[in-house]
Undergrad: 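Got a structure for you, written out below as structure tokens; questions coming shortly.
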Amino acid sequence: MNESWGMVSAAVAAGVFSIVGVLLGVFVGRRQVSAQAQVEHRQWLRGQRMQAYVEFLRAWDVAMEALSGMREDWQEERDAAGRRGGENGEDPKDGLTAWMQARVTERVNSVVAAASDAAERAVLVATPALEEQIGVALHSLMLLSSGLHLRARHRPAEPQWEAWNRGALEAVEARRAFFRLAKADLDFVPGPGAAPPIA
């Protein structure tokens, strides 16, 4: 009887250890799959953020180039209007106001709207700190655009660029700050057990 109890005990122990092993394997496997899914999702989200940030920076650069180009064109047109007015005996301000309003609307509105669209897409995937910085960078473009519209309507002949130039420098600094934060955000590489930065 001792031998048969020994065999039964061994078989029961083997069965218990087999069941515990299977349960442990299922638990560890599910945990590993869950951890891998989290890492893959974080990597996908990081890729989405990088794409949105790059699109926003491109749109911002195009808008800033258009705004700066508009400022240069303004000076050239003002000088040309002064020469034409002197030749024809007309007031150079008459044609300049209409030209500037049409040109600002045509050239600036679409690129600032594109930057705004890119900012919206970037905010959808951005970290909280970057959401705020996207808003700051976009706001700086909007202020410059508004400044051009106001100058076109009210002071096309003497736009007084000092305040606009300061705004342009602030806009460039806002873009740099966004770039630094975006780079820091994207430097984090998701891995198992690694928590993404909250900031």
Side-chain angles (χ1 to χ4, degrees), residues 48-86 90-187 197-199:
Q48 296 298 306
R49 283 196 314 267
M50 181 170 48
Q51 183 179 358
Y53 297 164
V54 167
E55 287 175 13
F56 173 64
L57 288 170
R58 282 188 188 138
W60 191 96
D61 290 341
V62 167
M64 190 62 185
E65 185 177 319
L67 290 167
S68 297
M70 189 67 233
R71 182 194 182 289
E72 292 168 13
D73 290 353
W74 193 314
Q75 291 298 114
E76 291 172 12
E77 181 61 23
R78 191 185 93 188
D79 295 343
R83 288 190 299 274
R84 284 192 307 267
E90 302 172 353
D91 186 0
K93 294 178 187 176
D94 293 341
L96 185 60
T97 301
W99 184 88
M100 287 312 303
Q101 287 179 351
R103 188 79 169 136
V104 167
T105 300
E106 165 195 320
R107 189 168 174 185
V108 172
N109 287 358
S110 61
V111 293
V112 173
S116 179
D117 291 345
E120 286 177 9
R121 288 188 296 278
V123 164
L124 289 175
V125 293
T127 60
L130 278 163
E131 284 180 25
E132 182 178 333
Q133 195 56 46
I134 289 167
V136 169
L138 182 62
H139 182 72
S140 66
L141 283 178
M142 300 284 193
L143 287 176
L144 292 175
S145 174
S146 296
L148 285 178
H149 282 286
L150 287 172
R151 284 169 177 79
R153 242 180 249 122
H154 302 294
R155 294 179 287 176
E158 296 301 324
Q160 300 176 358
W161 293 110
E162 296 81 22
W164 196 90
N165 291 340
R166 281 191 306 276
L169 290 174
E170 290 171 8
V172 169
E173 186 52 42
R175 184 203 185 278
R176 284 185 187 136
F178 169 76
F179 180 80
R180 282 190 302 269
L181 285 173
K183 184 175 179 330
D185 179 37
L186 295 173
D187 280 346
I198 302 293

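Heavy atoms only: backbone and side chains are in, while hydrogens, waters and symmetry mates are out. Residue numbers start at 1 and run along the sequence shown.
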Undergrad: List in chain and number order the residues that pass side chain to side chain contact (heavy atoms under 4.5 Å, CB included) with Asp61, two or more places apart in sequence or in another chain; answer none if no residue qualifies.
TA: Arg175

Undergrad: Within this structure, what is the CH2-CD1 distance for the pair Trp60 and Ile134, rounded to the nearest 0.5 Å?
TA: 13.5 Å

Undergrad: Please round to the nearest 0.5 Å and tell me the distance separating atom CD of Gln48 and atom CE of Met50.
TA: 9.5 Å

Undergrad: Enumerate, atom names and distances included, each donor-acceptor pair closer than 3.5 Å involving a side-chain atom of residues 115-123, sequence neighbours excluded.
TA:
{"residue": "Arg121", "atom": "NE", "partner": "Glu55", "partner atom": "OE1", "Å": "3.4"}

Undergrad: Which heavy atom of Val125 sits nearest a heavy atom of Ala52, and at what distance?
TA: CG2-CB, 3.8 Å

Undergrad: Could you check if a side-chain atom of Arg180 sits within less than 4.5 angstrom of a side-chain atom of Lys183, using non-hydrogen atoms only?
TA: no

Undergrad: To the closest 0.5 Å, what do you measure between CZ (Arg176) and CG (Leu181)?
TA: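 Going from the CZ atom of Arg176 to the CG atom of Leu181 covers 14.5 Å.
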
Undergrad: Answer whether the closest heavy-atom distance between the side chains of Glu65 and Val111 falls below 4.5 Å.
TA: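 No, too far: nothing below the 4.5 Å cut-off.
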
Undergrad: So, using ring pair (Phe, Tyr, Trp, His ring centres under 6.0 Å) as the criterion, who are the partners of Phe178 when residues are at least two apart?
TA: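 Residues passing ring pair (Phe, Tyr, Trp, His ring centres under 6.0 Å) with Phe178: Tyr53, Phe56.
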
Undergrad: So, for Ala174 and Gln133, which heavy atoms are closest and what is the spacing to 0.1 Å?
TA: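 The answer is O-NE2, 3.1 Å.
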
Undergrad: Minimum heavy-atom separation for Val112 to Ser145, with atom names?
TA: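 Answer, listing the atom of Val112 first, then Ser145: CG2-CB, 4.0 Å.
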
Undergrad: Which atom names give the shortest non-hydrogen contact between Met64 and Ala168, and what distance separates them?
TA: CE-CB, 3.7 Å

Undergrad: As an exercise, state the distance from CG of Asp185 to OG1 of Thr127, rounded to the nearest 0.5 Å.
TA: 4.5 Å

Undergrad: Does atom CD (Glu131) have a neighbourhood of more than 12 heavy atoms from anything else shown, all under 6.0 Å?
TA: yes

Undergrad: I'd like to know if the side chain of Ser140 reaches the main chain of Ala137, judged simply by a donor and an acceptor atom lying under 3.5 Å from each other, with no hydrogens or angles considered.
TA: yes

